[in-house]
Amino acid sequence: MTAMNVGFVGLGAMGRGMAANLVRAGHAVQVWNRSPEPVAELVAQGASEAAGLEDVFANDVVVSILSDDKAVESVLLDPRLLEGAEATVHVNMATVSVELTDRAAALHAEHGLGYLAAPVMGRSDVAAAGKLNIVAAGDSGLIDHVEPLFAAMGQRTWRMGDRPHQANVVKIAGNFLVACAIESVAEACALAEARGIRSADLVDLLTSTIFPGVIYTGYGSMVAERRYEPAGFRLALGLKDISLALTAGAEANVPLPFGSVLRDSFVDAIAHGDADLDWAAVAEVIRRRAGLAETGS
């Protein structure tokens with residue numbers, strides 16, 4: 001493998017593990033983050049610190065994973081930054097809107113810079129283990145170019161088309177489906193509990209028979225045990241992704257009626273102070289509505 005010069009932006013819960021895996025794979029990784037602590041952590045593992053974003057974009061490849069549209073817009077979509085970039089391609093691995101992806105791709109092209117969307121599937125522990133599933137879309141030659149980086153961060157790259165926003169649509173659809181599963185598990189557990197059945201027993205039965213798999217097993221146990229910390233994926237980010245799904249659906253004239261139910265439940269959870277808990281904590285909304293909030297599971 002030929003080592004690549006990589007500028008990495010965004011060292012949150014996901015980005016720290018992803019950048020560390022690039023370092024371990026032998027790539028020269030230069031990191032930038034708005035808060036300094038994660039930068040120091042990565043430098044201690046062998047990365048170098050970028051003095052500014054201009055330094056990041058002087059590398060061959062820029063990889064970024066920021067929290068939402070607003071963060072990407074404010075940090076990375078500065079025409080002056082892109083105008084002076086020496087990078088071949090910017091790989092945006094965040095879950096962002098179709099609209100922002102199209103605008104970002106056009107702005108990068110205007111300045112002669114390639115743009116790929118490559119959002120990831122997996123929580124922070126999966127990122128740290130280098131076992132992410134990476135959903136990529138954009139120019140196939142550019143995907144080939146950065147595949148060694150994807151191989152260091154994930155277990156498989158799923159190519160979803162030549163338009164970057166196609167990767168974001170797939171990721172948004174996936175997160176929408178996970179949110180639907182969490183909501184349905186929460187409602188089933190509330191029904192069982194209201195009739196004197198332990199949620200844990202219900203989840204054990206269902207995940208051992210008709211609903212096996214990591215989503216129902218993992219989130220089912222969290223709902224049954226009311227275990228929402230530490231947050232692998234914050235509830236506030238879950239609301240963001242549900243909103244992205246509803247917007248993407250509206251833009252394509254695709255109704256997502258259950259999305260409105262999810263949005264209301266997530267807003268309810270945030271209104272009750274649960275924004276920083278794992279998004280499985282939306283189950284507490286169902287329990288409150290069923291009059292079960294003060295009872296055990």
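Hydrogens, waters and symmetry mates play no part in the numbers below; they use all other heavy atoms, side chains included.
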Open item on the list: Under 3.5 Å, is there a donor on one side chain and an acceptor on the other for Arg263 and Ser243?
Closed with: no

Task: salt bridge (charged side-chain N to carboxylate O under 4.0 Å, His left out) partners of residues 114-132, not counting sequence neighbours, each pair once - done: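 For residues 114-132: Arg123-Asp278.
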
TODO: Scan for salt bridge (charged side-chain N to carboxylate O under 4.0 Å, His left out) pairs involving residues 95-115, sequence neighbours excluded, and state none if there are none.
DONE: Glu73-Arg103, Glu99-Arg103

TODO: Would you mind listing the cluster partners of Ile172? Hydrophobic ones only (ILVMFWY), side-chain contacts under 4.5 Å, chaining allowed.
DONE: Leu244

Using atom types as modelled, flag every donor-acceptor pair under 3.5 Å from a side chain in residues 78-87 to any protein atom, sequence neighbours excluded.
unit_1: Asp78; atom_1: OD1; unit_2: Arg80; atom_2: N; d: 2.9
unit_1: Asp78; atom_1: OD1; unit_2: Arg80; atom_2: NE; d: 3.4

Side-chain contact test, heavy atoms from C-beta onward, threshold under 4.5 Å: evaluate it for [X] versus [Y] and give yes or no.
X	Y	result
Ile65	Phe8	yes
Leu149	Val61	yes
Ser64	Val72	no

Task: Sequence neighbours excluded, every pair satisfying side-chain hydrogen bond (donor to acceptor under 3.5 Å, both in side chains) that has a member inside residues 137-148 - done: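 Passing the test, one end in residues 137-148: Asp60-His145, Asp144-Arg159, Glu147-Thr157.
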
Task: salt bridge (charged side-chain N to carboxylate O under 4.0 Å, His left out) partners for Arg289, two or more places apart - done: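 Once residues adjacent in sequence are excluded, the partners of Arg289 under the salt bridge (charged side-chain N to carboxylate O under 4.0 Å, His left out) criterion are Asp268.
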
TODO: Can you see which heavy atom on Val170 is nearest to which on Met121, and at what distance?
DONE: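 Reported closest heavy-atom pair: O-CE, 4.1 Å.
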
TODO: Mind listing the closest non-hydrogen atom pair of Ile143 and Gly138 along with its distance?
DONE: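 Taking Ile143 first and Gly138 second, the nearest heavy atoms are CD1-O, 3.9 Å.
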
Open item on the list: According to a hydrophobic-cluster definition based on side-chain heavy atoms being under 4.5 Å apart (Ile, Leu, Val, Met, Phe, Trp, Tyr only), do Met18 and Leu42 belong together?
Closed with: yes

